[in-house]
2 protein chains.
Amino acid sequence: MTETTVVRDSACEISPVVDIVFSRWTTPILWALNNHGRQRFVELERRIGAITPKVLTQRLRQLERDGLITRTYHAEVPPRVEYEISALGRSLGPLFATLSRWATANLDHVEQARREYDEAGLPRP
Amino acid sequence: MTETTVVRDSACEISPVVDIVFSRWTTPILWALNNHGRQRFVELERRIGAITPKVLTQRLRQLERDGLITRTYHAEVPPRVEYEISALGRSLGPLFATLSRWATANLDHVEQARREYDEAGLPRP
DNA sequence: CAGAATCCCCGAGGATACTG
DNA sequence: CAGTATCCTCGGGGATTCTG
């Protein structure tokens, strides 16, 4: 440890949360359920747009397992299933708010940075 | 519109940010640069652990292009390159803080939810 | 040291049915 | 309607090697 040993970070303590909340499709799903209340399968499907039923099911199961959403089955014909954000899921509100604020404040800075980087025709190194 | 048309969400306004900040490897990189200051390529490589040089380079370029980090080349032998978080990157601080707080407050709730879901031997639907 | 160049693999996720 | 069941693609990322 007196050498040039770099202490491997304690795996970046926020990585687990990122995996849970920001993996593929989970953000739009949580966003939809958070902002538009209880919804049926097809509603989500249509609202999100490009997702296929298979993948939507996978993600919904995962989010349900993680306790972020709830699933309610109504034994009718035709069957009706409703998804709703849970208390734990709602607790992500402030996080989404922070994210949203950062977006409106800085997204164009990112765009600008990209433009500059691109037109500066990379004199590497 | 008077029909059962579900208005497709304005693409979940936070999705772009998620792509920029929470895509693969970017979180640990930003975290490392945010918490341990300016660092060389190898330092980052060792600190992050599992990443390969190729992918690390890719992600660093991307983050540099997005204006979240800066790259400084020192023409020496052996060459020395240092990466540092930019002002724009530092502006992510509050976001990371919120994320970190959510983690310490709710991560065990998620674990608990998973255990309950698993041991409840899925009576689908 | 800080990468660039190659080759290659594999599995998430898309497309396309089909069913209770 | 709310999913399963299959098949298949395709590109992110790993491993390895080379160089200024």
Side-chain angles (χ1 to χ4, degrees), chain A residues 3-6 15 18-29 32-33 38-66 69-84 117 121-125, chain B residues 3-6 12 15 18-29 32-33 38-66 69-84 117 122-125:
Chain A
E3 273 291 350
T4 48
T5 316
V6 178
S15 286
V18 174
D19 290 342
I20 294 169
V21 182
F22 300 115
S23 59
R24 184 118 228 245
W25 293 118
T26 53
T27 313
I29 293 174
L33 288 175
R38 182 185 318 172
Q39 280 163 87
R40 314 179 56 163
F41 190 86
V42 250
E43 295 185 89
L44 283 171
E45 195 175 355
R46 288 180 191 143
R47 196 183 301 279
I48 293 175
I51 198 169
T52 61
K54 189 189 87 175
V55 177
L56 179 55
T57 305
Q58 288 177 347
R59 295 288 91 95
L60 286 171
R61 291 284 188 278
Q62 173 189 324
L63 290 171
E64 188 193 2
R65 186 174 110 99
D66 290 344
I69 68 176
T70 63
R71 175 182 183 272
T72 317
Y73 180 85
H74 299 98
E76 311 168 356
V77 269
R80 183 165 56 96
V81 177
E82 294 188 311
Y83 292 93
E84 193 174 9
Y117 183 95
L122 344 190
R124 291 278 148 204
Chain B
E3 274 290 351
T4 48
T5 315
V6 176
C12 174
S15 285
V18 174
D19 288 342
I20 294 169
V21 182
F22 300 116
S23 59
R24 185 120 228 248
W25 293 119
T26 52
T27 313
I29 293 175
L33 289 175
R38 183 184 319 171
Q39 280 163 87
R40 314 180 54 165
F41 190 86
V42 249
E43 295 184 89
L44 282 171
E45 194 176 356
R46 288 181 190 141
R47 196 185 300 280
I48 293 174
I51 199 169
T52 62
K54 189 187 88 175
V55 177
L56 180 55
T57 303
Q58 287 178 348
R59 296 288 91 97
L60 286 171
R61 291 283 187 279
Q62 173 189 324
L63 290 171
E64 187 195 1
R65 188 173 110 98
D66 291 345
I69 68 175
T70 63
R71 176 183 183 271
T72 318
Y73 180 84
H74 299 98
E76 311 168 356
V77 270
R80 184 165 55 97
V81 177
E82 294 188 311
Y83 292 92
E84 192 174 9
Y117 183 96
L122 345 189
R124 291 279 148 202

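Throughout, protein chains are lettered first and strands after them, A, B, ... in sequence-line order, and every chain is numbered starting at 1. Here the structure is a predicted model, which means the values were calculated and not measured.
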Is [X] reaching over with its side chain to a backbone N or O of [Y], donor-acceptor style, under 3.5 angstrom?
X	Y	value
A:E82	A:Y73	no
B:T26	B:V21	yes
A:Q39	A:A32	yes

Could you state the atom-to-atom distance from [atom1] of [X] to [atom2] of [N] in whole Å?
X	N	atom1	atom2	result
A:L56	D:dA2	CG	C1'	10 Å
B:E76	C:dA2	CD	C1'	13 Å
A:I48	D:dA2	CD1	C1'	15 Å
A:H74	D:dA2	NE2	P	11 Å
A:R38	D:dA2	CZ	P	14 Å
B:E82	C:dA2	CD	P	9 Å
B:F41	C:dG3	CZ	C1'	6 Å
A:W25	C:dG13	CH2	P	10 Å

(request) Measure the CG-CZ distance between B:L60 and B:R65 for me, rounded to the nearest 0.5 Å. (result) 15.0 Å
(message) Which nucleotide wins on minimum distance to the side chain of A:T57, given the candidates D:dT4, C:dG3, D:dG14?
(response) D:dT4
Any [X] side-chain nitrogen or oxygen under 4.0 Å from OP1 or OP2 of [N]:
X	N	result
A:R59	C:dA12	no
A:R61	D:dA2	no
B:R40	C:dA2	yes
A:Y83	D:dG3	yes
B:T52	D:dG13	no

(request) Starting from the 5' end of DNA chain C, give me the residue, B:R71 or A:Q58, whose nearest nucleotide shows up first. (result)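 Result of the comparison: B:R71.
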(message) Please compare B:P78 and A:I51 by the position of their nearest nucleotide in DNA chain C and report the one closer to 5'.
(response) B:P78
(message) Can you tell me whether the side chain of B:K54 and the base of D:dG14 have a donor-acceptor pair closer than 3.5 Å?
(response)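 Flag set: donor-acceptor pair detected.
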(message) For a quick check under 3.5 Å, do B:Q58 and B:R61 share a side-chain donor-acceptor pair by atom type?
(response)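 There is no such pair (donor and acceptor under 3.5 Å, judged by atom type) between the side chains of B:Q58 and B:R61.
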